[in-house]
Amino acid sequence: MYKILIPKALKESARTFLTDKGYELVELQGTDEETMKKAISDVDAVIARTEKYTPAVIKAARNLKIIARYGIGYENINLEACDKKGVTVTLARGCNTYSVAEHAITLMLAALRQISQLDREVRKGDWKSRDRVETHEARGKVFGSIGIGPIGMEAVKIAHFGFQMKILVYDKFVDQSKFPDWIEFTNTLDDLMERSDVVSPHLPLNKGTFHILNEESISHMKRGGILLNVSRGAIWDEKAVYQALQEGRIGAAAGDVFETEPPTPDNPLFALPNFIGTPHTAALSEEAVTAVAMNCAHAIDDLFSGKEPLYIINHPTR
Ligand SMILES: O=C(O)C(=O)CO
């Protein structure tokens, strides 16, 4: 019987699918390296959230054949170590695209309409906040997406067709001729930062994107501009975001991700009224989570049934 290491939050539908097929499920109890090494040592498969699969953790695995990533970002999994060890890594591609894009737009609207701030005021009985707190429409504003992969594309579609926004995109890796003409590409990041009312990065985290939103790039934003982040915490330099917010150089920032997760309650961003945060929840709608969980379950079952799972992202040595 194959053993699968699963996250505690794994959906019932995926658990039932796997146990009905005879797999044994073991819940991961902690995310420190020692606990991970122990937990991985005798399982055949893993459904991985954001805990770190370092070379040492992968090395400790004696029977591991597949890591099915419960999402699309995979910077927490050392692919080289998986290649060496013959471990296949798959992604739940397409399952949470809409959910993450919709969350970016939700954060944008919350920032434009000052939802968190007004909620705080009305609870305190400050009815007059309705005349004091300035809010804005999305209509006619410029939404700038850094990156136009599946999530970026979904986000700009919602912004353009749902909220009548103009769309700018900066992405040096795509063939621009393949995109519709309501998308205008900029040649530089600075140009996008300067012309957008809302800037939203939709990027994987890697050496090229680490702190792409930093003091310098943020300094090109419009005064009053809104900065979003539903990608990864280290896409933006939190200190630079804090400074820009505190000095009123930008209007608001809203992030679903943090440089350290979970963030501590004393994270300086939380002291600012013009910052809105959510706890990395963009992909956690019921709809997305169910699709992601089933994707992982199918990937694992496909591999052990001799079929090629969808969306393998590495080259394991067999
Ligand atoms: O799919 C992922 O990797 C996510 O973190 C979605 O927010």
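What's counted below: heavy atoms across the whole structure, side chains too, no hydrogens, waters or symmetry copies. Atoms within each ligand, like the ligands themselves, are counted from 1 in listed order.
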Practice problem: Output the list of atoms in ligand 1 that are nearer than 4.0 Å to some heavy atom of His280, sorted by atom number. | Solution: 4 (C), 5 (O), 7 (O)
Self-check item: Thr50 versus Glu261, side-chain donor and acceptor atoms under 3.5 Å
Solution: no
Quiz item: With backbone taken as N, CA, C and O and side chain as the heavy atoms from C-beta onward, which portion of Asn96 lies under 4.0 Å from ligand 1: side chain, backbone, both, or neither?
Solution: side chain
Quiz item: Got the closest protein heavy atom to atom 1 (O) of ligand 1, with its distance?
Solution: Ile72 N, 2.7 Å
Quiz item: For ligand 1, is there an N or O atom under 3.5 Å from any N or O atom of Asp256?
Solution: no
Self-check item: Option set Ala283, Cys95, Ser99, Ala282, criterion heavy-atom distance to atom 6 (C) of ligand 1, minimum
Solution: Ala283
Exercise. Please determine, by modelled atom types, if Asn96 and Ser99 share a side-chain donor-acceptor pair under 3.5 angstrom.
Key: no
Quiz item: For residues Tyr23 and Asp44, is any side-chain donor paired with an opposing acceptor at under 3.5 Å?
Solution: no
Quiz item: With atoms numbered from 1 as shown, which atoms in ligand 1 lie under 4.0 angstrom from a non-hydrogen atom of Arg69?
Solution: 2 (C), 3 (O)
Quiz item: Testing Leu272, Ile218, Asn214, Asn229 for side chain to side chain contact (heavy atoms under 4.5 Å, CB included) with Val241, which one passes?
Solution: Ile218
Quiz item: Between Gly225 and Ile250, which heavy-atom pair has the shortest distance, and what is it?
Solution: O-CB, 3.5 Å
Quiz item: Gly73 to ligand 1: N or O pair under 3.5 Å?
Solution: yes
Quiz item: Can a donor-acceptor pair be found between the side chains of Thr278 and Asp256 at a distance below 3.5 Å?
Solution: yes
Exercise. Provide the number and element of each atom of ligand 1 under 4.0 Å from a heavy atom of Arg232.
Key: 2 (C), 3 (O), 4 (C), 5 (O)
Exercise. Flag Gly71 as yes when one of its N or O atoms lies below 3.5 Å from any N or O atom of ligand 1, and as no otherwise.
Key: no
Quiz item: If you measure from each heavy atom of His103 to ligand 1, is any distance below 4.0 Å?
Solution: no
Quiz item: So, Thr264 versus Asp266: side-chain donor-acceptor pair below 3.5 Å or not?
Solution: yes
